[in-house]
2 protein chains.
Amino acid sequence: MSRRRVTLADVAKIAGVSPTTASLVLSGRGRELRISQDVEQRVLKAAAELQYRPNIVSVGLRTGTTRTIGFISDTVATSRLAGDMIKGALEAARERGFMLFIGETEGDAELERLLLQAMHDRQVDGIILASMYTRTIRVPKGMAAAPAVLLNALPKQPSPLPSVIPDEIEAGRVAAKALLDAGHREGIHLIGAGPGRRNVPPGGSVAAVERLIGIREVLAEAGVKPAGGHVCPDWQPEYGLAATRALLQKERPRALICFNDRVALGAYQALDDFGLKVPADVSVVSFDDHPIAAWMRPQLTTVALPHYELGRKAVDVLFTEIGRDREDDGGEGEVHRVPMPIRVRESVASPGA
Amino acid sequence: MSRRRVTLADVAKIAGVSPTTASLVLSGRGRELRISQDVEQRVLKAAAELQYRPNIVSVGLRTGTTRTIGFISDTVATSRLAGDMIKGALEAARERGFMLFIGETEGDAELERLLLQAMHDRQVDGIILASMYTRTIRVPKGMAAAPAVLLNALPKQPSPLPSVIPDEIEAGRVAAKALLDAGHREGIHLIGAGPGRRNVPPGGSVAAVERLIGIREVLAEAGVKPAGGHVCPDWQPEYGLAATRALLQKERPRALICFNDRVALGAYQALDDFGLKVPADVSVVSFDDHPIAAWMRPQLTTVALPHYELGRKAVDVLFTEIGRDREDDGGEGEVHRVPMPIRVRESVASPGA
DNA sequence: TCGCACTGCTAATCCGATTTAGCAAACCTG
DNA sequence: CAGGTTTGCTAAATCGGATTAGCAGTGCGA
């Protein structure tokens, strides 16, 4: 709690030059502005000796850029899922010398407004507005003041903001393909949504709609018709359990595509209740790669939500956005889709086995 | 991306006063400096109309205070555990109008140094250095530059920094008491550490040592001797499984105190393998309240790590620290212990049942 | 009526950088 | 050798507030 920070003036004094010259040298513009080698060396040496570091607050005031970005998430920014997203963003930001402000709105629009203000008051260079599950959101007014990106969310109304979301359609394709590749052609049931395009849970979950599109597409291409589909009002274990039980009372499926891992947990239990083995009797493939997927026995094959990559990508996109508005300012609300990788574990086998 | 921010000068102009006056009024010092009611109202009105908000970067430059604190954690700041800690810190900070910078060192001392620098470059008002599991840490040099608090960590060498840690000793007492209260007196086994004071896993985990102290204290007071103890090299399910299996081959315990929930998970499996029911045959109490504790069947009674409260407390302590060093600067490295509440679920019953 | 205290406000300075405008010396050129 | 260019560097303004010093105007006592 003692020694005053070293300032540019200190460096200049030691080097025997003006602060202007020191600034020029240290910002790398010395060469272009014809500062002599000798002076340049003196300044560099002085800066190194004093361990000079520019005060970013000061730079921020003068230049308006604080090398800082704000990360606001709607709900618990700090669940395991969100954590990985933040981690990705954190690392991508750090690689560019940026720091992250974190904020949580808890779904409260007023809080969201306050956080946006607080961040703008601190002159952030850009803002990432994240949702914990993929969905459409109303873009708050305060967003226009700085470059911004929607993460895991699409704008409800048309907006110039770019979005970064998981590629759920491709995920649907991958899940379906995993079963086809294992040799499944019949008795493929959907748990959580489907079989029709419009059989999705209420609430406008993007995941339901898009996963279904991908699944249907691949099955259709292979000439396979899903044997059935079961919408769950919410993707929780108890609904997965109930839906699968109901199914098992009528027929014996060969494979289940569960719409997320919690539903799959319920399905596992139902299968167990009916004495069916995974994957020998019934293959199961799912989505999300929730931590429980690796805890389940047999371990669940699932198409992962790439939270870490989503976070990284959001920062990447934000930087192009920051770069952009110095030149033209024509954002077009592009949507960036991040691939969802499948985690092959133990829950899929060929139907013959 | 358009309208310039409203500045104090704008407000002053509209109100027809000097920026000085406007500043005085808005910082609440108008009264004491004899600004007339009339002028005060004009300034307030103008500020409200223009929706004026002070630029914190500017204030930071002049006053040195940025209403910002840095939160650095050693490992994955973004695991579920860390998440709650951050959430607690976030909310406590927000309540005072502060924002949080987040940083992750991943155990890398060099990265830690860089993060500290980056935060000091941004003039944070204070720093929270957090560990993901309770342990002693070497306090980095860069800490002296601003008020700081250790969270979930104790300084390895004597240090003036205050610490905030969970009250593991009391947790040990509470766990033991839970069994005593249920009527257990015999066949109480410790899985993970013990029974002797020095039977702890390598690595210097604070939790092992302190939980053991609390457990032994309460049992001793009740005149009860633990029937046995089993050190696990690491508190993972497989070791809990192995230790419990080994135990069951020799004798039949009536109650287990597992040193964390993952160990308990392994113990559950071993008990199941031997056909023993929880809690009818064997009661189990554990520590951490890891998310799996609520997933396990029967649900696990466990003494919770209060991550959220730890985060809040760290911010509280940091603020007294920030307040302190304006006056005297005598920090004394106090240790603040946060209570660990027991989550009573289904895994403890009376031995008679 | 002069001098002093008080009231009510403002000019000027500062924080630590960046950036613009410009100056003195050396160097050409005709 | 006067006049223009180039070289190499610096003074001063700026960002948006907080803070210090101080300045008019009024009231009042002597």
Side-chain angles (χ1 to χ4, degrees), chain A residues 3-44 46-47 50-68 120-125 145 326, chain B residues 3-44 46-47 50-68 120-123 125 326:
Chain A
R3 247 182 45 255
R4 197 179 50 85
R5 255 185 96 92
V6 174
T7 73
L8 185 61
D10 299 328
V11 174
K13 183 175 290 177
I14 297 285
V17 299
S18 72
T20 306
T21 305
S23 171
L24 257 25
V25 169
L26 293 174
S27 62
R29 310 206 304 137
R31 201 52 57 81
E32 109 194 40
L33 281 174
R34 309 169 309 220
I35 301 295
S36 68
Q37 296 272 0
D38 172 46
V39 167
E40 176 164 324
Q41 287 310 313
R42 289 216 309 276
V43 171
L44 257 24
L50 297 176
Q51 301 199 54
Y52 168 72
R53 316 208 79 230
N55 181 330
I56 295 193
V57 172
S58 167
V59 175
L61 179 57
R62 181 65 232 251
T63 67
T65 167
T66 51
R67 307 185 72 72
T68 296
H120 283 141
D121 290 351
R122 286 168 179 76
Q123 302 268 74
V124 293
D125 295 326
R326 280 203 215 95
Chain B
R3 245 181 48 254
R4 195 180 52 86
R5 253 185 98 91
V6 174
T7 74
L8 185 61
D10 299 327
V11 174
K13 184 175 290 176
I14 297 286
V17 299
S18 72
T20 306
T21 305
S23 171
L24 256 25
V25 169
L26 293 174
S27 62
R29 310 207 304 137
R31 201 52 57 82
E32 108 192 44
L33 281 173
R34 312 167 309 222
I35 301 295
S36 68
Q37 295 271 0
D38 172 47
V39 167
E40 175 165 327
Q41 287 310 312
R42 289 217 308 277
V43 170
L44 259 21
L50 296 176
Q51 303 199 54
Y52 167 72
R53 317 209 79 231
N55 180 330
I56 294 193
V57 172
S58 164
V59 175
L61 180 57
R62 180 67 231 250
T63 67
T65 167
T66 50
R67 306 184 74 70
T68 296
H120 283 141
D121 290 350
R122 286 168 179 78
Q123 303 267 75
D125 295 326
R326 280 203 214 94

Could you give the start and end, 5' to 3', of the contact zone on DNA chain C for chain A, using atoms under 4.0 Å from its heavy atoms?
dG16(C) to dT20(C)

Starting at [atom1] of [X] and ending at [atom2] of [N], how long is that distance when rounded to a whole Å?
X: Gln41(A); N: dC9(D); atom1: CD; atom2: P; value: 13 Å
X: Glu40(A); N: dC9(D); atom1: CD; atom2: P; value: 10 Å
X: Arg42(A); N: dG8(D); atom1: CZ; atom2: P; value: 14 Å
X: Asp10(B); N: dG17(D); atom1: CG; atom2: C1'; value: 12 Å
X: Arg62(A); N: dG16(D); atom1: CZ; atom2: C1'; value: 12 Å

Could you tell me if the side chain of [Y] sits less than 4.5 Å from the side chain of [X], heavy atoms only?
X: Leu44(B); Y: Val25(B); result: yes
X: Leu8(B); Y: Leu26(B); result: yes
X: Val6(A); Y: Gln51(A); result: no

Just to be sure I understand the rule, does [X] reach a base, reach only the sugar-phosphate, or reach nothing, if contact means heavy atoms closer than 4.0 Å?
X: Thr21(A); answer: base
X: Leu8(B); answer: sugar-phosphate
X: Val57(A); answer: nothing
X: Thr63(A); answer: sugar-phosphate
X: Val17(A); answer: sugar-phosphate

Can you tell me how far [atom2] of [Y] sits from [atom1] of [X], rounded to the nearest 0.5 angstrom?
X: Glu32(B); Y: Ser27(B); atom1: CD; atom2: OG; answer: 8.5 Å
X: Ile14(B); Y: Arg42(B); atom1: CD1; atom2: CZ; answer: 12.0 Å
X: Thr68(B); Y: Arg122(B); atom1: OG1; atom2: CZ; answer: 10.5 Å
X: Ile35(A); Y: Leu24(A); atom1: CD1; atom2: CG; answer: 5.0 Å
X: Arg5(B); Y: Asp10(B); atom1: CZ; atom2: CG; answer: 11.0 Å

Proximity to DNA chain D (any heavy atom under 4.0 Å), residues of residues 22-37 of chain A only:
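The stretch gives Arg34(A), Ile35(A), Ser36(A) as the residues lying under 4.0 Å from the strand, ordered by number.
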
Does Arg31(B) have more than 12 heavy atoms from other residues, nucleotides or ligands lying within 6.0 Å of its CZ?
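Not more than 12 within 6.0 Å, no.
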
More 5' along DNA chain C: Ser18(B) or Val59(A), using each one's nearest nucleotide?
Ser18(B)

